[in-house]
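A short worksheet on the structure shown next.
Note that ligands are numbered from 1 as they come in the structure, with each ligand's atoms numbered from 1 the same way. Quick caveat: nothing in here was measured; it's all calculated off a predicted structure. Only heavy atoms go into these numbers, but all of them, side chains included; no hydrogens, no water, no symmetry mates.
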Amino acid sequence: MKNRRSFLKATGLVAASTAFAPSTLWSATHPQNKKLGVALVGLGYYSTDLLAPALQMTQHCELRGIVTGSPEKIPVWQDKYGIKDKNIYNYDNFDQIANNKDIDVVYVVLPPSMHAEYTIRAAKAGKHVWCEKPMAPTVAECESMIKACKDNNVKLAIGYRCQHDPNIQAYMKAAKEKTFGKVKMITSAAGYFDGRTDHWKQNKALGGGVMGDMGVYALQGARLATGEEPISVLAQTFTTRPEIYHEVEETAMFQLEFPSGARASCHTSFGINMNYLNINYEKGWIRMKPHSSYNGNNGEMSNGTIIDFPIDNQQAKQMDDDALSLINGTDLLVPGEEGLRDIRVVEAVYKSAKNNELIKL
Ligand code: NAD
């Protein structure tokens with residue numbers, strides 16, 4: 001690859017080769033002033049309460065389609081959002097979306113066990129894919145999703161809304177610029193009390209368990225604060241409500257070691273309300289609380305800098321950032337590869353907790 005690039009550079013062909021990459025061709029033929037049409041797959045809590053309202057605020061994309069297995073939801077969504085009959089699909093006829101020019105992006109908002117299937121079907125239909133976190137329950141599924149999108153020349157973004165939030169970007173920047181020197185130790189927590197008793201989050205086959213759900217926020221806190229990938233994981237999982245959490249864990253605690261020597265202690269739970277990130281550096285600290293909420297993420301640095309950037313709507317920002325990347329043919333902020341990085345650690349957490357051993361990555 002390096003050789004090919006240096007050859008192209010030497011012959012002045014880099015710009016030409018980039019200009020004819022399939023994704024660039026798509027953006028070149030897509031009218032720059034036209035909003036992208038988004039179809040939401042799965043009309044549960046997150047689509048209903050957060051994404052559809054946010055899509056009323058976006059500048060570069062709009063809600064045009066729905067994919068649902070619940071026919072009773074169709075008139076409600078049509079009344080509220082004026083969705084055309086021809087842009088409504090169920091899980092059986094979903095693949096026909098390939099013939100629908102109104103839809104540019106399919107946003108998969110289903111239980112995690114269904115993410116791979118619907119991402120791959122959307123890619124084969126020639127649609128760009130936005131997929132909710134956790135990307136999928138296994139590394140193998142994540143890899144198959146990335147491959148399907150590559151094979152079909154479409155882009156894949158993961159719905160890590162926080163990475164689009166300027167408050168989170170502030171501590172990411174400190175990692176990059178080494179503002180306070182090397183990271184020494186991080187504590188990161190993300191959890192809430194979930195009172196539901198029969199939901200996919202408590203079902204193993206559907207991709208439940210707190211580690212993939214809230215654990216990835218604690219993990220992202222540590223990964224983004226160091227800007228590194230962990231090299232070892234030591235984890236424990238446990239449950240205080242076995243009558244509800246008998247298939248999956250209610251709580252997970254995991255320690256990470258990073259190549260620079262930084263260590264992180266991460267906690268996540270469906271039984272405890274907690275949301276913070278403390279980063280201790282050689283020459284200072286950053287404290288974020290909350291660090292992964294829908295709004296109000298804020299913090300403070302040891303040099304007195306306050307992190308409190310205004311953001312109208314995190315999900316609208318995320319979807320507009322991703323739509324603009326597609327329109328302009330630029331790199332996505334959170335591509336499939338970033339979702340995969342987390343799932344690699346999630347798998348190691350489970351393996352470590354199961355065998356009570358340190359897992360080297
Ligand atoms: P939900 O249970 O409220 O909705 C899930 C939807 O999937 C429902 O419409 C349901 O009918 C549908 N579905 C189809 N087949 C199903 C099956 N076999 N079992 C259960 N449901 C089925 O869940 P949610 O909270 O909306 O979560 C959906 C996705 O969004 C998950 O990946 C979740 O992690 C993610 N999410 C992300 C955020 C975030 O902040 N980025 C927040 C909430 C949820």
Side-chain angles (χ1 to χ4, degrees), residues 38-55 65-74 76-77 88-94 106-119 121-122 129-138 141-142 145 156-165 167-168 190-192 194-221 247-248 268 270 275 290-297 311 313-319 321-322 333-334 336 338-339 342-343 346:
V38 177
L40 292 173
V41 188
L43 307 180
Y45 155 71
Y46 197 54
S47 284
T48 306
D49 287 16
L50 280 306
L51 295 177
L55 279 162
I66 51 175
V67 184
T68 179
S70 312
E72 72 280 4
K73 292 181 184 169
I74 296 172
V76 180
W77 279 68
I88 296 174
Y89 297 87
N90 58 44
Y91 299 127
D92 295 325
N93 67 15
F94 168 61
V106 165
Y107 197 157
V108 179
V109 201
L110 291 162
S113 64
M114 301 171 78
H115 289 183
E117 178 188 342
Y118 283 85
T119 295
R121 285 170 71 179
V129 188
W130 296 344
C131 177
E132 259 315 312
K133 45 61 58 180
M135 184 170 171
T138 65
E141 285 168 281
C142 296
M145 293 157 79
L156 171 60
I158 307 301
Y160 278 125
R161 53 185 170 72
C162 290
Q163 292 200 33
H164 298 263
D165 182 329
N167 295 289
I168 276 55
Y192 71 94
D194 196 321
R196 291 175 291 192
T197 56
D198 186 21
H199 188 254
W200 62 259
K201 293 193 184 191
Q202 294 134 9
N203 180 311
K204 193 168 170 53
L206 289 170
V210 75
M211 190 53 220
D213 195 68
M214 296 303 289
V216 290
Y217 291 111
L219 169 60
Q220 287 255 312
E247 290 188 11
V248 298
T268 186
F270 280 144
N275 200 308
H291 80 112
S292 55
S293 287
Y294 293 151
N295 49 51
N297 291 323
I311 172 165
N313 183 293
Q314 214 181 39
Q315 286 83 1
K317 170 95 168 30
Q318 167 205 327
M319 293 187 281
D321 282 353
D322 288 343
L333 205 56
V334 190
E338 172 70 356
D342 275 358
I343 300 307
V346 171

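Ligand 1 has no N or O atom lying under 3.5 Å from any N or O atom of Leu206, backbone or side chain. Not a single N or O atom of Ser70, backbone or side chain, sits closer than 3.5 Å to an N or O atom of ligand 1.
In Gln318, neither the side chain nor the backbone holds a heavy atom less than 4.0 Å from any atom of ligand 1. Neither the backbone nor the side chain of Thr68 has any atom closer than 4.0 Å to an atom of ligand 1 (non-hydrogen atoms only).
For atom 14 (C) of ligand 1, the closest non-hydrogen atom of the protein is Tyr91 OH, 3.4 Å. For atom 28 (C) of ligand 1, the closest non-hydrogen atom on the protein side is Val109 O, 3.4 Å. Distance from atom 16 (C) of ligand 1 to its nearest protein heavy atom, with residue and atom name: Met114 SD, 3.8 Å. The protein heavy-atom contact nearest to atom 10 (C) of ligand 1 is Lys73 NZ, 4.8 Å. Among protein heavy atoms, atom 26 (O) of ligand 1 sits closest to Tyr46 N, 2.9 Å. Protein heavy atom closest to atom 9 (O) of ligand 1, with residue, atom name and distance, is Gly44 N, 3.0 Å. The nearest heavy-atom contact from the protein to atom 25 (O) of ligand 1 is Tyr45 CD2, 3.5 Å. When hydrogens are left out, the protein atom nearest atom 33 (C) of ligand 1 is Lys133 O, 3.6 Å; that is the closest non-hydrogen contact.
Arg161 contributes a side-chain N or O that, together with a main-chain N or O of Ser293, makes up a donor-acceptor pair within less than 3.5 Å. In terms of modelled atom types and a separation under 3.5 Å, the side chain of Asp213 and the main chain of Gly209 share no donor-acceptor contact.
Note that atom 35 (C) of ligand 1 has protein non-hydrogen atoms nearby, at separations under 4.0 angstrom.
Between the OG1 atom in Thr119 and the CD atom in Glu132 there is a gap of 10.5 Å [rounded to 0.5 Å]. In this structure, CG on Asp321 lies 6.0 Å from CG on Leu333, to the nearest 0.5 angstrom. Distance check: Thr48 OG1 to Lys73 NZ gives 6.0 Å after rounding to the nearest 0.5 Å.
Using the six-membered ring where Trp is involved, Tyr107 and Trp130 have ring planes that are perpendicular, over 60° apart on the 30 and 60° scheme.
Ligand 1 lies out of reach of Lys201, whose nearest heavy atom is not under 4.0 Å from it. Contact between Tyr160 and ligand 1 is absent, with no heavy atom of the residue lying under 4.0 Å from the ligand. The shell of residues lying under 4.0 angstrom from ligand 1, judged by heavy atoms, includes Tyr217. For the ligand labelled ligand 1, residue Gln315 lies outside the 4.0 Å heavy-atom shell.
Interface atoms of ligand 1 facing Trp200, defined by a heavy-atom separation under 4.0 Å, are 1 (P), 2 (O), 23 (O), 27 (O), 31 (C), 33 (C), 34 (O). Ligand 1 places these atoms under 4.0 Å from at least one heavy atom of Asp213: 34 (O). Heavy-atom contacts of Glu132 reach the following atoms of ligand 1: 30 (O), 32 (O), 35 (C), 36 (N), 37 (C), 38 (C), 39 (C), 41 (N) (cutoff under 4.0 Å). Counting the atoms of ligand 1 from 1 in the order shown, those under 4.0 Å from a heavy atom of Leu43 are 9 (O). Counting the atoms of ligand 1 from 1 in the order shown, those under 4.0 Å from a heavy atom of Arg161 are 39 (C), 40 (O), 41 (N). Here is the list of ligand 1 atoms found below 4.0 Å of a heavy atom in His199: 1 (P), 2 (O). Below 4.0 Å from some heavy atom of His115 lie the following atoms of ligand 1, by number and element: 32 (O). Residue Gly159 has at least one heavy-atom neighbour below 4.0 Å for each of these atoms of ligand 1: 41 (N).
The two residues Lys201 and Val248 come nearest to each other via the heavy atoms O-CG2, 3.5 Å. The two atoms that bring Cys162 and His291 nearest to each other are SG-O, 4.3 Å, heavy atoms only. Nearest heavy-atom pair across Met145 and Cys131 is CE-SG, 3.8 Å.
Here atom 5 (C) of ligand 1 lies nearest to Pro111 when heavy atoms of Ser47, Ser113, Ser293, Pro111 are compared.
Considering only heavy atoms from C-beta on, Gln163 comes within 4.5 Å of Glu338 through its side chain. With a 4.5 Å cut-off on side-chain heavy atoms, Phe270 and Arg196 do not count as touching.
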(message) Let's go through His164 and Val334 carefully: what are the C-alpha distance in whole Å and the side-chain angles of both, what is the deciding distance for side-chain contact (heavy atoms from CB on, under 4.5 Å) to 0.1 Å, and is it a yes or a no?
(response) CA-CA 9 Å; His164 298 263; Val334 190; 3.9 Å; yes
(request) Report the C-alpha distance between Val38 and Met319 in whole Å, list the side-chain angles of each, state the deciding distance to 0.1 Å, and finish with yes or no for side-chain contact (heavy atoms from CB on, under 4.5 Å). (result) CA-CA 10 Å; Val38 177; Met319 293 187 281; 5.5 Å; no
(request) Would you check, one step at a time, whether the test side-chain contact (heavy atoms from CB on, under 4.5 Å) holds for Val41 with Leu110? (result) CA-CA 7 Å; Val41 188; Leu110 291 162; 3.7 Å; yes
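Between the side chains of Tyr160 and Gln318, no donor-acceptor pair is found at a separation under 3.5 Å.
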